[in-house]
Amino acid sequence: MNKSSDDTPLAQSEVQMRKGLLAYCVLLLLRDGKVYTSELIRALHHAELIVVEGTLYPLLNRLAKDGMLAYEWQESEQGPPRKYYWLTDEGKQLLADLKKVYHTLHTSVTTLEKESSHE
Amino acid sequence: MNEVTKIHLGRQAFTISTTAHHELRDYLDAIKQHVSDESVVDEVELRMVELLAEHGVSGEQVVLPADVTFLKEQLGDPKDFAEDGEAEPVTDAPTDSKRLFRDTDNAMLAGVAAGLANYFGVDVLIIRLLFVIATFAGGWGILIYVVLWLLVPEAKTSSERLQMAGKPVTINSLKEVVERADVKGAARRANNSLAGPVNTLFGAISKIIGICFVVIGSGLLLGLAGGATYAFLKSGVLLQDTAFPVGFKEHLLVYIAAAIAGIISLFIVLFGLSIYRRKWPIHAWITGTLIGLLLIGVAVGGALTADVVPQVRDRYNANVHTTTHTVKPFTTVNLNEIGNNETINYQTSATYSVSLQYYGHPDLSTIKASVSKGVLTINSQQFNWSRNCQALCIPNNYNLVITINSPNSPQVVDQNVGPDNINVPVPPSAPQVQ
């Protein structure tokens, strides 16, 4: 009953698109240095890339496991300790690769859109 | 609603309402089912602390269900925590075996009966009635209940509640619980051995039974209150003239017995109410105190009874006396002037005599036995053993026993047996003389 919109074709596709793009977006946010989880969440929220936070944790966890991200815990004056992430060299490489993939996709999609609008 | 408990999130302590605690624990359990790495859960907990702070809940304040709802909205459905391509995650224990837990969600008292009902798949009312029957059969019901209360753990987490209902612990079943498609529903659906109309019938019958219990219990309480008032008003003379001398222990025993009867009556009323309302009407700790008092009362009362009974018997025996008066020979006995409560015995003996067996120290001068013209006349109409008794008197068990001894079987004149002044045969109770 909550989130019955999950089942609509639109929602299903949207979820898949967001999931596919999320890794790229996270890497983008980390390209300039160390960022902690809550900041990431705030930025992604702001960009309307995530609705709920739950999806982010497994992603960060997997990227870290695969060696794309490094992290460290830091004490914080207000509130609990924070987990800061940054890109490893492999992560930077992945970002560059994903950038190419994204732009290729973007171009393809744009082309498709133009073609169909000509009809 | 008012009950709170402590919870640790990311090593920080929070005060949390029990309702919110249940919800939060279920939520975290569900997340744990979806993630492969415990550290994710730690991170989520830390994030919860942050979110709570942003939401205006700091260390001092109580976390309410609304705050947990807020956390859920922010963090999302437990299944969002699943990594892509991951199949249905591991189950704790593949439980097709049921486990016995106390079901506090459906509890009247501590959830023992509801838990047993889940375990055996029967309606909880049946278990409760068995407990009551066992309680009346020597108090076993209360004892078994208390023991199970102590031994059987409460179903705290969603997994435990599912195990209690005999449902497998899977992501979907957990989700069902977490989404508050609620456990009661899940558990009830799981052991739906009694179909709808039967349950309705049970409901109607249980209401009637409940009302009966309330009426019976209230009647007993009123009776006890009346008795106590009477005892208070008559406290000066009460028990003084009873059949045996009464000491401190006997008094105490009466009070304890009255208190036990009072508590049991109260429980009958409460039980009736609880059947009617499907909820135990008073706090568990008050119930516990009452049960404690009841057990103490039974123990002390039992010990006192064991102590007092032989003493009372000895004192009674020591107070039974017999006197024998020799009289002139007689051939006829006139019983027309005997009182109402005397027992007459006939015995064969070498001499003519009358024996009186009595209890305590009555005034025997009121009893006259004389022989004139061969007729023995016994007059005991002036004798009244209990003439001083004003309150609680039980004289009939201790009436005067008159034994008439003679060598030959006498003829008896008794207006209750035959016409006036006509000799009648010896009554069957008298022994025949050889």
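Lettering of chains follows the sequences in order, A, B, ..., and the numbering in each one begins at 1. Hydrogens, waters and symmetry mates are skipped; everything else that's a heavy atom, side chains included, is used.
- Looking at B:L51, the atoms closer than 4.5 Å to chain A (heavy atoms on both sides) all sit in the side chain, from C-beta outward.
- Residues A:L44 and A:C25 form a side-chain contact, since some pair of their non-hydrogen atoms from C-beta on lies under 4.5 Å apart.
- With A:Y84 as the aromatic partner, A:K34 does not meet the cation-pi criteria of under 6.0 angstrom to the ring centre and within 45 degrees of the ring axis.
- In this pair, B:F81 and A:Y57 present their aromatic rings parallel. The plane angle is below 30°, not in the 30 to 60° band.
- Heavy atoms of B:E45 lying under 4.5 Å from chain A are absent altogether.
- Neither the backbone nor the side chain of A:L56 has a heavy atom closer than 4.5 Å to any heavy atom of chain B.
- Below 30°, between 30° and 60°, or above 60°: for B:H283 and B:W285 the angle between ring planes is below 30°, a parallel geometry.
- Within the 4.5 angstrom heavy-atom criterion, only side-chain atoms of A:T37, from C-beta onward, approach chain B.
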